[in-house]
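Accompanying notes for the structure given below.
On a predicted model such as this, the values are computed, not experimentally measured, just so you know. Scope of the values below: all heavy atoms of this structure, side chains included, with no hydrogens, waters or symmetry mates.
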Amino acid sequence: MMRDFIILSTLLLLQLVHNSAAIRVISVDEEEVTAAYEDVRNDESETVYVMLTYHDNRLIGVSKSGNDYSEVTTELGSAEADGMRAYIYIRVTTGDEMSKRSKFVLLTWCGPSVPALKKGKMSLEKAKVKSVMPNFAVEVQTSDLEDIALENILDLVKKKQW
């Protein structure tokens, strides 16, 4: 009886070790992401967004950045984006002619075809992204293109101000 218990325990332990080896730890390319984040935050820069994606399912790094937010909506509207996970940091300008201010938004995109396990792990991985890009007024998590339309983002920022 004791021998069977030891054998069963050993088999369970081996299975646990095997399964945990399959769990990959995702890290953030902190140097690259910090540089891109600071570029978006810099009022002297024309860069208004940076998109982070997963590289080889092991590293979250800069996929693209630019000065035209429509590039983001175009990419996330593509067929490939259905299975994409991304974090997008954006600078938007609010206010009137007399008082313009930059506000920042963190978008978390999880395409509708992303497997459930990867969706679940995004909350842990997003915490790592937020530790590198901590300053934002509004956070949006979505898989719906309508949610990331610039007009809707600006509405959210304006509501947050009041």
Side-chain angles (χ1 to χ4, degrees), residues 23-162:
I23 297 173
R24 293 188 176 154
V25 176
I26 305 288
S27 59
V28 176
D29 185 339
E30 290 187 27
E31 188 175 318
E32 179 186 48
V33 172
T34 299
Y37 165 76
E38 289 173 356
D39 188 34
V40 172
R41 291 191 58 81
N42 182 351
D43 288 335
E44 303 299 316
S45 172
E46 291 186 13
T47 305
V48 296
Y49 78 88
V50 60
M51 179 184 287
L52 310 179
T53 58
Y54 292 76
H55 303 285
D56 298 325
N57 282 323
R58 291 182 175 241
L59 183 69
I60 298 171
V62 175
S63 169
K64 67 189 314 184
S65 63
N67 60 0
D68 184 0
Y69 180 71
S70 68
E71 295 170 359
V72 172
T73 55
T74 300
E75 181 158 341
L76 295 180
S78 70
E80 296 85 32
D82 272 2
M84 179 188 277
R85 296 173 292 157
Y87 307 92
I88 304 101
Y89 189 75
I90 337 169
R91 176 177 57 202
V92 295
T93 304
T94 63
D96 55 25
E97 294 295 322
M98 301 297 286
S99 173
K100 292 191 180 217
R101 291 179 293 281
S102 291
K103 296 291 183 179
F104 301 92
V105 179
L106 178 63
L107 298 176
T108 302
W109 174 264
C110 185
S113 299
V114 172
L117 183 60
K118 287 184 178 182
K119 283 181 184 179
K121 288 171 59 177
M122 277 189 81
S123 62
L124 297 172
E125 296 156 1
K126 181 168 55 171
K128 292 178 183 181
V129 170
K130 286 175 155 181
S131 72
V132 181
M133 301 190 310
N135 298 311
F136 49 89
V138 176
E139 181 178 358
V140 177
Q141 182 167 339
T142 190
S143 60
D144 187 346
L145 279 174
E146 189 173 310
D147 292 340
I148 64 165
L150 187 56
E151 303 80 36
N152 294 337
I153 297 293
L154 286 169
D155 286 344
L156 288 172
V157 170
K158 288 174 187 172
K159 286 178 186 175
K160 184 76 172 188
Q161 287 178 329
W162 304 106

Stepwise side chain to side chain contact (heavy atoms under 4.5 Å, CB included) check, Arg85 with Asn57: CA-CA 10 Å; Arg85 296 173 292 157; Asn57 282 323; 3.2 Å; yes
Distance check, rounded to the nearest 0.5 Å: Thr34 atom OG1 versus Asp39 atom CG? 12.5 Å
Output for pair (Leu145 CG, Asn152 CG), nearest 0.5 Å, gives 11.0 Å
Shortest non-hydrogen separation from Ile60 to Val129 and the atoms involved: CD1-CG2, 4.0 Å
Enumerate the ring pair (Phe, Tyr, Trp, His ring centres under 6.0 Å) contacts for residues 41-74, please, sequence neighbours excluded, ordered by first and then second residue. none
Contact between Val72 and Lys64 at the side-chain level, heavy atoms closer than 4.5 Å - yes or no? no
Testing the basics here: between Ile148 and Ile153, what is the closest heavy-atom pair and its distance to 0.1 Å? O-CG1, 3.9 Å
To the nearest 0.5 Å, atom CG of Leu156 lies from atom CD of Glu139 at 11.5 Å
Once rounded to the nearest 0.5 Å, what's the spacing between atom CD1 of Ile88 and atom CG of Leu106? 8.5 Å
In this structure, CG of Asn42 is separated from CD of Glu44 (nearest 0.5 Å) by 6.0 Å
Sole residue of Met122, Gln141, Met51 in side-chain contact (heavy atoms from CB on, under 4.5 Å) with Tyr87: Met122
Lys128 side chain vs Ile26 backbone, donor-acceptor pair below 3.5 Å: yes
Within this structure, what is the CD-CD distance for the pair Glu151 and Glu146, rounded to the nearest 0.5 Å? 10.0 Å
Hey, does the side chain of Ser99 reach the backbone of Gly95 with a donor-acceptor pair shorter than 3.5 angstrom? no
Work out which heavy atom in Met84 is nearest to a heavy atom in Val114; give both atom names and the distance. O-CG2, 3.6 Å
Checking the side chain of Ser78 only, and the main-chain atoms of Glu75 only, is there a donor and an acceptor separated by less than 3.5 Å? yes
Minimum heavy-atom distance Lys119-Cys110, with the two atoms named: CG-SG, 3.3 Å
Is it true that a side-chain atom of Glu46 and a backbone atom of Asn67 form a donor plus acceptor pair closer than 3.5 Å? no
Using side chain to side chain contact (heavy atoms under 4.5 Å, CB included) as the criterion, list what pairs up with Ser65, not counting sequence neighbours. Thr47, Val50
When you compare the side chains of Thr142 and Asp144, does any donor N or O come within less than 3.5 Å of an acceptor on the partner? no
When you look at Leu150 and Val92, which way does the side chain to side chain contact (heavy atoms under 4.5 Å, CB included) test go after all the steps? CA-CA 9 Å; Leu150 187 56; Val92 295; 4.0 Å; yes
Nearest heavy-atom contact between Lys103 and Thr94 is CG-OG1, 3.9 Å
Quick one: closest heavy-atom pair of Ala81 and Leu76, and the distance? CB-O, 3.2 Å
Does anything in residues 91-142 pair up under ring pair (Phe, Tyr, Trp, His ring centres under 6.0 Å), and if so which pairs, sequence neighbours excluded? Tyr89-Phe104
